[in-house]
Amino acid sequence: MSTPSSTSRSEALRLTFLWLVCIPLWLTLGCSGGTVHSFGDYAGYAVAPADSKSAADKKWAAYLTTHLTRRAGERVAVVALKNNDETGESDELPENFLAVSVGVAKDLPHDYAVTCSDGSLTLQARDASTLLWLIYQFMSAAGAHDARLSTSDLLPAAVRCTADTAGNFAFEYRGLYTPTNADEELRPILATHHVDYDWALWGHNLRKVFGGTIPDDARALIDGQRSDAQFCFSSASLYAALEAYVLNNYGEGSADAKNGEKADETARFAILPNDNAQVCQCEACRAAGNTATSATPAVTKLVSRLARRFPAHLFFTSAYATTTEAPAQPLPDNVGVLLSALSVPYSASPAKAAARVGFADLLADWQRVTSRIYVWDYVRNFDDYLTPYPCLQLLQRRLQYYADEGVRGVFLNGSGDDYAAFDDVQTRVMAALMVNPYQSLADYTAACWSQLYPVTAEVLAPYYESLENRAAKGVLQPYAGISAAGSYLDPAAFETFWNSLDRAAKSVSGDERTRLNRLLTALCFTRLELTRLQADKFNRAQIAEILAGLDGFTAFSDMHHYREADGELAAYVGQWRSLLAWGKAEGNLLAGVQLRAVSALDEGYTDVKLLTDQWHGFPSDYHTGWLICSADTLTLEVPASAVVAAGTFRFGFLLAPKWHIALPCAVEVWQNGHCAARVAVDANPDVEPFTRHVVACPFYGLTPGCPVSLRLAREHVPRVTLACDEVELSVE
């Protein structure tokens, strides 16, 4: 496989992409070639297969006839033109009817094409899924100019279908893992894919090919022992299991039907090691080229063998963990790689960000061995699905960057089956951007708001656009608490927006009201999170009212989780109820007192004021209300004015081993260079994880009017941190 220089190749791909993608834009705006009159000028529509001898084209013609008839009702005639197979003659076209022919043309030079002449129009695509998308594009385009057709449920067409048009999708794979995209009737309209339906094997899921016990030789050899946590990719048993899995479930994947039998469809298989650092060191794997840290040689050897065995299927590895390094030799044409873009900050300059974190070099390394690069990107805050995440402007720039660099597929990882605020609009826009990332984002987003929220779009659209405009100037975080939304989410403006939307929703009915009920309920979560950021805004009555609104989540089957892991919304509501019951601690001498951190604090966790704001942190969320410290000892100074001779300090700590957050091994009270009190802490108390653990440290004999140091010491363990939410002082 010869490879041009990265500069010339990138420029060639960019020019090719701009030419192919922009074809639909300028052709539909006014181009040479055939045209048709305005759709509303015709007396009706007559539908026929593009190839009268093709069973597939006949099927698609029947499909268009059925769906166009439903949208026409009694207002306009839709007829099916039939062909006599014996004579070859077709039904006569009724007077002043638009003749619409439809079919699959595998040798089409573009993904899709619309050919027009006076009184006729032909819709063609290289494959069935693209043709289905084009059919809906035609119906939407026709409905925009023919009021007799009911197409208000369809988004405005990117292909106007009134003039000769041809174009290619920006990406061959356009995956969206969002709740809206789980709708099997919507996906064909959006021209999107979904990992649960169009991958034969996805993610770190290789063990499923065995259907039971994994043979000993298929397990990685680590330090002379077979491991249950990783595979040996040189194993004959693993190859045999994969071969059988492909054959039994997906067949050979032949491109054409033989002897009248239905052809097997091309399937995609992700062959990935388990998500850990183990690399098999057996003799065969080391002979393939494995090192102690790289499994790429054995993995790509196995994937290449499968690709040659099944040339009509597609096989993928990943540039991740032990397979980050690209192989030395080119891969078969039907082998691709999944590249995670998690390390690339969501910022205004994706190319610069990609270069800064090494993603651009990684992309270039893999492009030397395969042309089928799929990027795995992220479009949600996985610690908070319910707070608005205005990522569309920044995502558009990322998609343009990927397209310019010749990336052939994109998988946008969202909230899966869990509800996310504004997902209905965002999914539709993301889908459109994966078809053409250079189209007008503002126009298409506005069209989505108008379609889904015809009454309240005047409230929703301007506010959401303001969020996008602010977010586009900063950096979005894929794992963050509510404080990270501060760059675009103003608490006062958000509260005004929520109240305006709530008032407007009361006059809405039907599907729009259903969508609004979900949205308003979800945004109650954001209102509560913003409250947690503002300790001085604690209003028991208002919080109780917002909680009552959030309680409505139980009515929605897709709103039981607010984040990716350990995010039960019921537990979150329960923690708020506990906080309200607790209220302010009586007799706390440190309430509102400013402590001083003597030791270095972690980036992003420097607000010492939260230790005396009398707000408990939630055990389920380390982002908000907790001071995180990775130093061996967190030392805090209590000002002289707050020191008493005898009393008890109480500390609130988070115990969350899954997040590598541990309790201190001891808390100490120091004054004038002497330890006045010390309490040892059980590092592994008999309590559930994600628990707020209170440590009391009584003391006596201190000198009032003299500062005191509080030392919170932990055992020196790499990657383990300490989290403290409150320090209280009481006189017993």
Checklist line | Polar side-chain atom of D377 near backbone of L412 as donor-acceptor pair, under 3.5 Å | finding: no

Next item on the list: Measure the CZ-CE distance between F525 and M559 for me, rounded to the nearest 0.5 Å.
Entry: 11.5 Å

Check: So do the side chains of P273 and T322 get within less than 4.5 Å of each other, counting heavy atoms only?
Finding: yes

Note to self: For a quick check under 3.5 Å, do E529 and Y562 share a side-chain donor-acceptor pair by atom type?
What the structure shows: no

Notebook entry, point to check: Taking C-beta and beyond as the side chain, do V638 and L595 meet within less than 4.5 Å on heavy atoms?
Noted result: yes

Notebook entry, point to check: Are the side chain of Q534 and the backbone of L530 linked by a donor-acceptor contact shorter than 3.5 Å?
Noted result: yes

Notebook entry, point to check: Salt bridge between E728 and R650, side-chain N to carboxylate O under 4.0 Å?
Noted result: no

Checklist line | E715 CD: over 12 foreign heavy atoms closer than 6.0 Å | finding: no

Checklist line | Side-chain donor/acceptor of D725 to backbone N/O of H616, under 3.5 Å | finding: no

Note to self: Using the ring centroid of each side chain, check whether Y419 and F556 are separated by less than 6.0 Å.
What the structure shows: no

Margin query: Looking at C697, is its backbone amide N or carbonyl O close enough to the side chain of T648 to form a donor-acceptor pair, meaning the two atoms are under 3.5 Å apart?
Written below: no

Next item on the list: Could you pull out all residues at least two apart from W202 that satisfy ring-ring contact (aromatic ring centres under 6.0 Å, His included)?
Entry: W199, W376, F411

Next item on the list: For the pair N499 (side chain) and E495 (backbone), establish whether a donor and an acceptor sit closer than 3.5 Å, ignoring hydrogens and angles.
Entry: yes

Next item on the list: Could you tell me whether W576 and F618 have their ring centroids closer than 6.0 angstrom?
Entry: yes

Next item on the list: Calculate, to the nearest 0.5 Å, the distance between atoms CZ and CG belonging to R527 and L520 respectively.
Entry: 9.0 Å

Note to self: Quick one: does any side-chain atom of T324 pair with a main-chain N or O of A321 as donor and acceptor, under 3.5 Å?
What the structure shows: yes

Checklist line | T387 OG1 to I482 CD1 distance, which is reported to the nearest 0.5 Å | finding: 4.0 Å

Notebook entry, point to check: Can you check whether L710 reaches V727 side chain to side chain, under 4.5 Å on heavy atoms?
Noted result: yes

Check: Mind checking whether H561 and Y385 have ring centres under 6.0 Å apart?
Finding: no

Note to self: Taking ring pair (Phe, Tyr, Trp, His ring centres under 6.0 Å) as the cut-off, I'd like each qualifying pair that reaches into residues 471-490, sequence neighbours left out, listed once.
What the structure shows: F382-Y479

Check: Out of N274, V299, I271, which residue meets the side chain to side chain contact (heavy atoms under 4.5 Å, CB included) rule with F231?
Finding: N274

Check: Counting only heavy atoms not in D216, do more than 12 sit closer than 6.0 Å to its CG atom?
Finding: yes

Notebook entry, point to check: What pair of heavy atoms forms the shortest contact from D217 to S235, and how long is it?
Noted result: OD2-OG, 2.8 Å

Next item on the list: State, to 0.1 Å, how close A354 and V344 come at their nearest heavy-atom pair, and which atoms those are.
Entry: N-CG1, 3.9 Å

Notebook entry, point to check: How far apart are the closest heavy atoms of A666 and R678, and which atoms are they?
Noted result: CB-NH2, 3.3 Å

Item checked: Lys/Arg-Asp/Glu bridge criterion (N-O < 4.0 Å) met for D423, R380 -> yes

Checklist line | For Q281 against A292, the heavy-atom pair lying closest together | finding: NE2-CA, 3.7 Å

Note to self: Could you measure the distance from the CG atom of L386 to the CZ atom of F422? Nearest 0.5 Å is fine.
What the structure shows: 11.5 Å

Checklist line | Residue pair L272 / Y320, side-chain heavy-atom distance below 4.5 Å | finding: no

Next item on the list: Determine, stepwise, if the pair D607 / L627 fulfils side-chain contact (heavy atoms from CB on, under 4.5 Å).
Entry: CA-CA 7 Å; D607 186 9; L627 188 72; 5.6 Å; no

Next item on the list: For N381 and A480, indicate whether the former's side chain and the latter's backbone hold a donor-acceptor pair under 3.5 Å.
Entry: yes

Notebook entry, point to check: Heavy atoms, side chains only, cut-off 4.5 Å: are R219 and S227 in contact?
Noted result: no

Notebook entry, point to check: Okay, side chain of R207, backbone of F210: is any donor-acceptor separation there less than 3.5 Å?
Noted result: no

Check: Under a 4.5 Å cut-off applied to non-hydrogen side-chain atoms, are L221 and C232 in contact?
Finding: no

Notebook entry, point to check: Taking Q671 for the side chain and T703 for the main chain, is one N or O donor matched with an acceptor at less than 3.5 Å?
Noted result: yes

Checklist line | Contact check, side chains of R692 and E726, non-hydrogen atoms, under 4.5 Å | finding: yes

Notebook entry, point to check: When you look at I222 and V279, which way does the side-chain contact (heavy atoms from CB on, under 4.5 Å) test go after all the steps?
Noted result: CA-CA 7 Å; I222 308 295; V279 177; 5.6 Å; no

Margin query: To check you understand the geometry: which heavy-atom pair defines the closest contact between P657 and L655, and what is its length?
Written below: CD-C, 3.8 Å

Next item on the list: Looking only at non-hydrogen atoms, find the nearest pair between T635 and R711 and report the distance.
Entry: OG1-CG, 4.0 Å

Checklist line | Nearest-0.5 Å distance that lies between atom CG in L201 and atom CG in L206 | finding: 6.0 Å

Margin query: With heavy-atom distances below 4.5 Å as the criterion, would you say the side chains of P297 and N290 are in contact?
Written below: yes

Next item on the list: Applying ring-ring contact (aromatic ring centres under 6.0 Å, His included), name anything that partners F699, two or more places apart in sequence or on another chain.
Entry: F649

Checklist line | Backbone of S294 reached by a side-chain donor or acceptor of T291 within 3.5 Å | finding: yes

Checklist line | Atom CZ of R226: over 12 foreign heavy atoms under 6.0 Å | finding: yes

Next item on the list: Supply the atom-to-atom distance T721 OG1 to R714 CZ, rounded to the nearest 0.5 angstrom.
Entry: 7.0 Å

Notebook entry, point to check: Is it the case that S620 and Q575 place a side-chain donor and acceptor less than 3.5 Å from each other?
Noted result: yes

Check: After noting the C-alpha distance and the side-chain angles of L569 and H560, does the key distance pass the side-chain contact (heavy atoms from CB on, under 4.5 Å) rule?
Finding: CA-CA 5 Å; L569 201 49; H560 288 274; 5.7 Å; no

Next item on the list: Could you please spell out the steps behind the side-chain contact (heavy atoms from CB on, under 4.5 Å) verdict for V667 and F653?
Entry: CA-CA 11 Å; V667 297; F653 295 111; 3.9 Å; yes

Margin query: Is it the case that the ring center of Y346 lies less than 6.0 angstrom away from the ring center of Y378?
Written below: no

Note to self: Quick test of your reading of the model: are D621 and R532 salt-bridged, counting only N-O distances below 4.0 Å?
What the structure shows: yes

